[in-house]
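Note that the coordinates shown come from a computational prediction; the quantities given were computed from them, not determined experimentally. Below, chains carry the letters A, B, ... as their sequence lines are ordered, and counting in each starts from 1.
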Amino acid sequence: AERSHERVDYRLCSSQDELRELVQEIKKKGLISFDTETTSQDPLRAKLVGLSLCWEEKKAIYVPVGHTGPGASTQLELKDLLDILSAVLEDKDIKKVGQNIKYDSEVLWNHGVRIRGIHFDTMIASYVINPALRQHNLEVLAQQYLNHKMITYREVTGRGKGSINFSKVAVEKAKDYSCEDADITLRLMRVLEARLKEEGNEALFYDLEMRLLPVLMDMELAGIKIDTEFFKRMSNELNAQLLALEEEIFKEAGTEFNINSPQQLGWVLFEKLKLPVQRKTLKTRRYSTDLRTLKKLVSCGSKVPQLVLKYRSLAKIRSTYLDALVKLVNPKTGRIHTSFNQTVTATGRLSSSNPNLQNIPIRTREGRAIRKGFVAEEGCVFLSADYSQIELRVFAHYSGDKSLIEAFERGEDIHRRTAAEIMGVNPEDVTPEMRRVAKAINFGIIYGMGPQKLSEELGIDLSTAKSYINRYFERYEGVKKYREKMIQMARDKGYVTTLFNRKRHLPEINHSKHVIRAEAERMAINTPIQGTAADLIKKAMIKIHETLNRERLGAEMLLQVHDELLFEVCKEEVEELKEIVKREMEGVYKLRVPLKVDVGIGKNWEEAH
DNA sequence: ATCGCACGC
DNA sequence: GCGTGCGAT
C-alpha cells in the first residue's frame, strides 16, 4: 500500500500541565496503548528516551525526555514524566495495550514504574492467530491487517554503520514515528480482538498467554546468579586441554589447519588422509564432518576423528557456554537475565535467548559441569521440578491407547515396557541396549519419524527399523489411529490443534511433492503433542506464580526448560514450595494418564536436577 | 547473510 | 519434531 495521507493528530508534549490534563482524559477512557523509545534493545540496560500514548485512534502524544539532538531543549524531565504518568501506568483499572509490552514494562520497571492492568499485546495476539508467521513486528501486522505502511525504525535511525542511537533522533521525527507506533497498536487491537473471537482463541490468548506474560517478566527480571570465577577457571582449564588436543591433531594429520573450519577439516580427513567419505552436506555438497560421520570414522585407523570429536565438544563448551555467559552478567544485578520469547515457535513452546538458558549441556560429564556454575544466593537453594515423560503421557492421552495408558497408570518404566512389547521378551529380560532402542522408537513416534530416520538414528538397517515400527503399531493400536487422525484433520481443516485449541496451519499437507507432504504430516503428528505439553506447563507456571504471590512466599521462578521449572528459594521455604509446585504441576489438567513431577533440591543447578 | 555444526527438550 | 548460538566463509 501507499503510505497513507490520512489525517492524524500526533502531538509533542513538553509541559507538565499538558501531561496532567492528558491524565484526566485517559482516566475517563480506561484504555490506552503506549510505546517506549529507548537507548537499547536490552530492556535491563535501556534508558528511556521518550514515551508515546494513544487513547483514541489517530490521536497520540509523544513525551520526549532523553533526546540529545535537534529539538531536545524543550523536553520534560524524566522524573516529572514518571511522576505524572504513574497515576495512569500503575492503575490496574486503566487497561494497557502494547506491541511486545513485556519489553516496555521491563524498561519502566527499571525506571521505578510498576505497570499494572496489562490487557492486550498485539504481538502475542498475532502469534496466537498464526504462530507460523516468521515475524510479528508492527510493520508486518500493520501491512497485513490494516493495509498501512508504517515509518520504520530503520528510516528513523538509519541502518548499519551509519545508524544512530534513538536518543540522537530529532524530536519532531521521533514524535511522528513513536505516535504512529502507539496509534497503530491501538487500531490493531480492534482488528485482532475480532480475529481472536472468530478463531475461537480468546481463552488461549487472554487466560493463558496474556496471564503468562507477567510471569515471564518476573522471571526475566529475577535473573540467575552464576559463579563467574568458576566459569573463568573452567575456561582456562579447557584452554589448556584444547591446545594440547590441537597439537596432537596436527601431528596425527601431518599438517596444521583450522579445526573449527568444517571445510578445512573435510579436506584433511577425506583428501589428505583418504578416509572413506560418508556423506555430503545438504546445501553446499561438501564433505560432512558432523558427529555421526566422525563416529563412523573412528575405527578407520586414524586417530584424528576421535581427537576432533573431543576437540569439538570442548570448544563448544568454552565458546558457547563459558566465555559467552560471563560476558552477559548484568553489572547492576550481578546476574544473568535471559529473554523468554513468547512468539517464536510454531508449536507454542517458549524459546530463550541472550543467552539461551534452555540448552545448557547435561548429557556429558564435562558439559554437565557447567550447571555447577549456576548457583543459588547465600541462604537459598535451587528447586528443580520436571515433568516425567510429559510428551509420551500427552501422547498416551491423545491416542487413548490402552496399553500405554495402563503402563503410565501402573507407574512402569515406559521404555522397558516398549522394549518388551516390540521385541517379544519379558520386561525383566530387557537389556540396556534393547531399552535404548525402545526409547529411540518412543521418541521417533512423537516426532512422526519414519523408518528411514529411525534407522539412521539408531544405526540399524532399514528393514529392521521397519519391522520395529510395524511391531509398535501392532502392539499399540491407538498409535496408528492417532497418526491417521491428525493427518486427516490437517487435510480437512488445514490445521491441527492442541488441547487448549492452539492452532498450527499446515498448508503443505496436500502438496504434490511427497517429501514436502511427508514433512507436513510429521508436523501434524508432532505439533499436538509438543504443543499440548507446552500449554500444560504454561498453565502450571501461571498457577504457581499466583500461589506464590497469594501465600506471600519469597520463592522465585527463574527458568523454564520445556518440561522443567527452576526456582530459587530460601532454605526455610523449601518444603512448602515443593508441595505447591508438585501439586500445581501434577494437577494442572486431568488427562487420561496421571502427570508425574520429579523434584530435586541443591545449591547449584547440577545438584538440583 | 548463510552454512555447518552442536547443545537442549 | 521444536529451538539458539558459535565460528567460518
Trainee: Look at T345(A) and dC2(C) and indicate whether a side-chain polar atom (N or O) is within less than 4.0 Å of OP1 or OP2.
Mentor: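 Result: no.
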Trainee: Take atom CD1 of I390(A) and atom P of dG1(C), then tell me their distance rounded to the nearest Å.
Mentor: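 I390(A) atom CD1 is separated from dG1(C) atom P by 21 Å.
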Trainee: Taking any heavy-atom pair under 4.0 Å as a contact, classify I362(A): base, sugar-phosphate, or nothing.
Mentor: sugar-phosphate
Trainee: Among the nucleotides dG8(B), dG1(C), dT9(C), which one has an atom lying closest to any side-chain atom of R363(A)?
Mentor: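 My answer, after comparing the listed nucleotides, is dG8(B).
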Trainee: Holding to side-chain contact (heavy atoms from CB on, under 4.5 Å), I want the full list of residues that pass it with E556(A), two or more places apart in sequence or in another chain.
Mentor: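 E556(A): side-chain contact (heavy atoms from CB on, under 4.5 Å) contacts with A222(A), L558(A).
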Trainee: Taking the side chain of T347(A) as its heavy atoms from C-beta onward, which of dG7(C), dG4(B), dC2(C) lies nearest to it?
Mentor: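 Looking only at heavy atoms from C-beta outward on T347(A), the closest nucleotide is dC2(C).
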Trainee: Once hydrogens and angles are ignored, does a donor-acceptor distance under 3.5 Å link the base of dG1(C) to the side chain of Q530(A)?
Mentor: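 Side chain to base: pair present.
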Trainee: Output yes when at least one side-chain N/O atom of R504(A) is less than 4.0 Å from OP1 or OP2 of dC2(C), else no.
Mentor: yes
Trainee: Return all side-chain donor-acceptor pairs below 3.5 angstrom for residues 124-134 of chain A, not counting sequence neighbours, or 'none' if the list is empty.
Mentor:
from, atom 1, to, atom 2, distance (Å)
S126(A), OG, H136(A), ND1, 2.7
Y127(A), OH, T345(A), O, 2.7
Y127(A), OH, T345(A), OG1, 3.3
Y127(A), OH, G348(A), N, 3.3
N130(A), OD1, A132(A), N, 3.2

Trainee: R318(A) CZ to dC5(B) P: how many Å, rounded?
Mentor: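 Rounded to the whole Å, the gap is 19 Å.
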Trainee: Using whole Å, report how far NZ of K316(A) lies from P of dG4(B).
Mentor: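 That distance rounds to 16 Å.
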Trainee: Do the side-chain N or O atoms of N356(A) get closer than 4.0 angstrom to the phosphate oxygens (OP1, OP2) of dG8(B)?
Mentor: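 The answer is no; no side-chain N or O of N356(A) sits under 4.0 Å from OP1 or OP2.
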Trainee: Between atom CG in L242(A) and atom P in dG7(C), what is the gap in whole Å?
Mentor: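 After rounding, the gap between these two atoms is 12 Å.
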Trainee: For a quick check of understanding: with a heavy-atom distance under 4.0 Å over all strands, which category does Q263(A) fall into, base, sugar-phosphate or nothing?
Mentor: sugar-phosphate
Trainee: Going by the salt bridge (charged side-chain N to carboxylate O under 4.0 Å, His left out) test, name the single residue among R368(A), R365(A), R371(A) that passes it with E606(A).
Mentor: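 One option only clears the test, and that one is R368(A).
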Trainee: Does R312(A) place a side-chain N or O at less than 4.0 Å from the phosphate oxygens OP1/OP2 of dA6(B)?
Mentor: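 So the side-chain polar atoms of R312(A) do come within 4.0 Å of the phosphate oxygens OP1 or OP2 of dA6(B), strictly under.
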Trainee: By the 4.0 Å heavy-atom rule, please label E564(A) as base, sugar-phosphate, or nothing.
Mentor: nothing
Trainee: Mind checking L350(A) for me? I need base, sugar-phosphate or nothing, with any heavy atom below 4.0 Å counting as a touch.
Mentor: nothing
Trainee: Could one point to a donor on the side chain of R349(A) or the base of dC9(B) with an acceptor on the other under 3.5 Å away?
Mentor: yes
Trainee: With a 4.0 Å cut-off on heavy atoms, is R522(A) in touch with a base, just the backbone sugar-phosphate, or nothing at all?
Mentor: sugar-phosphate
Trainee: Quick one: R365(A) CZ to dC7(B) C1', roughly how many Å, whole number?
Mentor: 18 Å
Trainee: Measure the distance from CG on L392(A) to C1' on dG1(C) and round it to the nearest whole Å.
Mentor: 13 Å
Trainee: Check the phosphate of dA6(B) against T320(A), side-chain N and O only, distance under 4.0 Å to OP1 or OP2. Yes or no?
Mentor: no
Trainee: Any side-chain donor paired with an acceptor under 3.5 Å for T347(A) and Q530(A)?
Mentor: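 Per modelled atom types, T347(A) and Q530(A) side chains form a pair under 3.5 Å.
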Trainee: Under 4.0 Å between a side-chain nitrogen and a carboxylate oxygen: does that hold for E586(A) and R393(A)?
Mentor: no
Trainee: Looking at K480(A), I'd like to know if its NZ atom is crowded, meaning that more than 12 non-hydrogen atoms belonging to other residues, nucleotides or ligands lie closer than 6.0 Å.
Mentor: no
Trainee: Looking at dC5(B), I'd like to know if its phosphate oxygens (OP1 or OP2) sit under 4.0 Å from a side-chain N or O belonging to S288(A).
Mentor: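 For dC5(B), OP1/OP2 do have a side-chain N/O of S288(A) under 4.0 Å.
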Trainee: Please work out if A324(A) contacts a base, only the sugar-phosphate, or nothing of the nucleic acid, heavy-atom cut-off 4.0 Å.
Mentor: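 Sugar-phosphate only.
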Trainee: What is the distance from OH of Y311(A) to P of dC5(B), rounded to the nearest Å?
Mentor: 16 Å
Trainee: Taking only N and O in the side chain of T284(A), is any of them less than 4.0 Å away from OP1 or OP2 of dG4(B)?
Mentor: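 For dG4(B), OP1 or OP2 has a side-chain N or O of T284(A) closer than 4.0 Å.
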Trainee: Does E508(A) come within less than 4.0 Å of R517(A), counting only side-chain N to carboxylate O?
Mentor: no
Trainee: In whole angstrom, give the distance that lies between atom OH of Y387(A) and atom C1' of dC9(B).
Mentor: 15 Å
Trainee: Looking across every strand, which nucleic acid part, if any, lies under 4.0 Å from I360(A) by heavy atom: base, sugar-phosphate, or nothing?
Mentor: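 Sugar-phosphate, backbone atoms only, no base.
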Trainee: Nearest to the S261(A) side chain among dG4(B), dA8(C), dC9(B), which nucleotide is it?
Mentor: dA8(C)
